[in-house]
J.: 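Here's a structure for you.
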Amino acid sequence: MQILLQAAALVPASIPSPDWSGFDIPLPWGTLRIHAYALCILAGIIVGLWLTSVRWARRGAPEGSVWDIVIWAIPFGIIGGRLYHVVSSPDAYFGPGFDGTGDLWLIPQIQRGGLGIWGAVVLGVLGAWIGCRRSGVKLTAFLDAAAPGLLLAQAVGRWGNYFNQELFGGPTTLPWGLQIDADNPNFPAGMPVDTLFHPTFLYESIWNIAGVLILLALDRRFHFRRARLFWLYAMYYTLGRVWIEAMRIDDAEQINLFGITTRLNVWTSIFVFVAALIVFVLLGLKGRPEPDTPFLAGREPGADDAIDASGEEKAPVRDADSSVSDSESRDNLPNNQNGARIPSTPTEEEPAFRDGDKPVTESPVTGSSRHKATESAPEAGTNK
């Protein structure tokens, strides 16, 4: 018991603020700052791609096609995430009330933080659609494969908010309260320097990791298709985002709807949840697709072999061996007695004379009719 008490005393009563936020790389003309926020985003992309590539391969997709898709999806997603953040938190960029006192040069500086998930998903899906069309695979199949990986990437990427000391919640006395440096520009004005805050980044990270396990278990049980797992991901994520977003105290656009004023991201989460639920149910009424394949119609393996260079469908090619019958083969066998060719099957009885001058008689060997030689014997081995 004494050992447990001593161990408990060693556990910090709060989450300390980070004392590291990145490192510098010396260059001939200065230094290149590598921010911890960017490293967290990169780590999230890596683990998300790993899980997605494993699931995509199990669907029977073309080898390497996941990279052909994400090379479009990731840049589109980053741009979309940044644009959504700028729109939802415009004061720093355009000034309060768009009075022009902001700094537009801050918009491309994503290393400072600020990526909105909704913009990232919308434009990321657009980029994925481009990549899927070029690779000949279904976007819906890829979204189902990528949904758990996307949630895992968000779980890891959220730790960038910790290193930036941003997007935390209100004050708390809980033992896992988050310390924020008093001299940090994100520290709320007027609060005591020893104030602890809700670590909303940690709440969301844990929520997302739990969601990855839930999505994987449900997909193994039900084998979702037509992007239903993706819409299930949207429902799960927004369900957690509503209560986590409501805890945050950073500046954000406030929207009044139905007599309720709250953050833009809260309303967005609610609307996305409802829309995802409706789409999920409607897709479920259609049943499973037939055939269940990740390939677009006409882009299945071997489909190109049925189309020639002019785009016309090729005529079926018969097996060369089967195109020659046994009877035709036997027609070419010589008669061992006189060298004449032996027909494969008896023919119908022919008239006694053909062409009026050559008598026809039955072969004593085969019973088939042939012309009687009147002048000289036929040359052995001559084909008919």
Side-chain angles (χ1 to χ4, degrees), residues 14-22 34-52 73-74 77-78 80-82 84-86 88-89 109-124 146-170 172 174 176-181 184 186 196-216 233-252 263-266 268-269 272-273:
S14 62
I15 300 176
S17 60
D19 55 4
W20 177 82
S21 61
I34 304 297
H35 292 263
Y37 178 88
L39 294 177
C40 290
I41 297 297
L42 179 61
I45 291 175
I46 292 173
V47 296
L49 280 179
W50 166 78
L51 181 56
T52 299
I74 291 176
I78 293 176
R82 186 59 173 176
Y84 181 87
H85 169 75
V86 171
S88 59
S89 302
Q109 299 183 39
I110 61 174
Q111 72 274 9
R112 296 175 175 267
L115 291 174
I117 183 60
W118 309 123
V121 169
V122 171
L123 280 193
L150 179 58
L151 201 55
L152 180 60
Q154 292 175 243
V156 176
R158 268 301 173 195
W159 282 82
N161 299 140
Y162 168 69
F163 290 102
N164 276 4
Q165 300 191 53
E166 61 183 359
L167 308 187
F168 44 84
T172 181
L174 294 172
W176 55 81
L178 176 65
Q179 297 179 11
I180 299 295
D181 293 334
N184 189 287
N186 294 322
L196 301 179
F197 302 91
H198 278 287
T200 52
F201 81 92
L202 181 61
Y203 298 161
E204 185 169 330
S205 182
I206 295 174
W207 177 267
N208 290 348
I209 291 175
V212 172
L213 300 177
I214 293 173
L215 291 181
L216 291 175
Y233 144 78
M235 284 189 288
Y236 178 86
Y237 178 73
T238 52
L239 187 63
R241 187 64 184 267
V242 167
W243 64 270
I244 295 173
E245 186 75 23
M247 298 176 65
R248 285 166 39 174
I249 59 175
D250 54 286
D251 294 334
R263 300 164 67 94
L264 171 62
N265 286 336
V266 173
T268 303
S269 298
V272 171
F273 176 87

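As the structure is a computational prediction, the values presented were derived from the model and not from experiment. Each residue takes its place number in the sequence, starting with 1. These values consider heavy atoms only, across backbone and side chains, with no hydrogens, waters or symmetry-generated copies.
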J.: Would you give the length of the straight line joining atom CD1 of Ile45 to atom CG of Leu152, rounded to the nearest 0.5 angstrom?
T.: 12.0 Å
J.: Do you know which two heavy atoms are closest between Thr238 and Ser269, and how far apart they sit?
T.: CB-O, 3.4 Å
J.: Under a 3.5 Å distance rule, please check whether Tyr37 uses its side chain to pair with a backbone N or O of Asn164 as donor and acceptor.
T.: no
J.: What distance separates Ile117 CD1 from Glu204 CD, expressed to the nearest 0.5 Å?
T.: 8.0 Å
J.: Kindly indicate whether the side chain of His198, heavy atoms from C-beta on, has any atom under 4.5 Å from the side chain of Leu178.
T.: no
J.: Counting only N and O atoms by type, is there a donor-acceptor contact under 3.5 Å from the side chain of Ser89 to the main-chain atoms of Val86?
T.: no
J.: So which heavy atom on Leu115 is nearest to which on Ile78, and how close?
T.: CD2-O, 3.8 Å
J.: So, Tyr203 side chain and Gly240 main chain: donor-acceptor pair closer than 3.5 Å or not?
T.: no
J.: To the nearest 0.5 Å, what is the distance between CD1 on Ile209 and CD1 on Ile214?
T.: 12.0 Å
J.: State the CD1-CZ distance between Ile180 and Phe197, to the nearest 0.5 angstrom.
T.: 6.5 Å
J.: Assess whether atom CG of Asp251 is packed by more than 12 heavy atoms of other residues, nucleotides or ligands within 6.0 Å.
T.: no
J.: Which is it for Trp159 and Phe201 under the side chain to side chain contact (heavy atoms under 4.5 Å, CB included) test, yes or no, and what are the steps along the way?
T.: CA-CA 6 Å; Trp159 282 82; Phe201 81 92; 3.5 Å; yes
J.: What closest approach, in Å, do Asn186 and Gln165 show between heavy atoms, and which atom pair accounts for it?
T.: ND2-O, 2.9 Å
J.: Checking the side chain of Arg158 only, and the main-chain atoms of Leu202 only, is there a donor and an acceptor separated by less than 3.5 Å?
T.: no
J.: Can you say whether the rings of Tyr237 and Trp118 are parallel (under 30°), tilted (30 to 60°) or perpendicular (over 60°)?
T.: perpendicular
J.: State, to 0.1 Å, how close Ser17 and Asp181 come at their nearest heavy-atom pair, and which atoms those are.
T.: OG-OD1, 2.8 Å
J.: Can you name the closest pair of heavy atoms from Thr200 and Gly169 and give their distance?
T.: CG2-N, 3.7 Å
J.: Please find the pair of heavy atoms, one from Phe163 and one from Pro18, that lie closest to each other, and give the distance.
T.: CA-CG, 3.8 Å
J.: Could you check Asp250 against Arg263 for side chain to side chain contact (heavy atoms under 4.5 Å, CB included), going step by step and ending with a plain yes or no?
T.: CA-CA 10 Å; Asp250 54 286; Arg263 300 164 67 94; 3.0 Å; yes
J.: Is any side-chain heavy atom of Val272 closer than 4.5 Å to a side-chain heavy atom of Val121?
T.: no
J.: Mark yes when over 12 heavy atoms from residues, nucleotides or ligands other than Trp243 sit less than 6.0 Å from its CH2; otherwise mark no.
T.: yes
J.: Is the shortest heavy-atom distance from the side chain of Thr268 to the side chain of Tyr84 under 4.5 Å?
T.: yes
J.: So, Ser205 versus Tyr162: side-chain donor-acceptor pair below 3.5 Å or not?
T.: no
J.: Is there side-chain contact between Arg248 and Val266, with at least one heavy-atom pair below 4.5 Å?
T.: no
J.: Applying side chain to side chain contact (heavy atoms under 4.5 Å, CB included), run through Ile15 and Gln179 and close with a yes or a no.
T.: CA-CA 6 Å; Ile15 300 176; Gln179 297 179 11; over 6 Å; no
J.: I need the Leu151 CG to Trp207 CH2 distance, nearest 0.5 Å.
T.: 10.0 Å
J.: Could you measure the distance from the CG atom of Leu49 to the CG atom of Leu150? Nearest 0.5 Å is fine.
T.: 10.5 Å
J.: Between Asn265 and Arg241, is there a side-chain heavy-atom distance shorter than 4.5 Å?
T.: yes
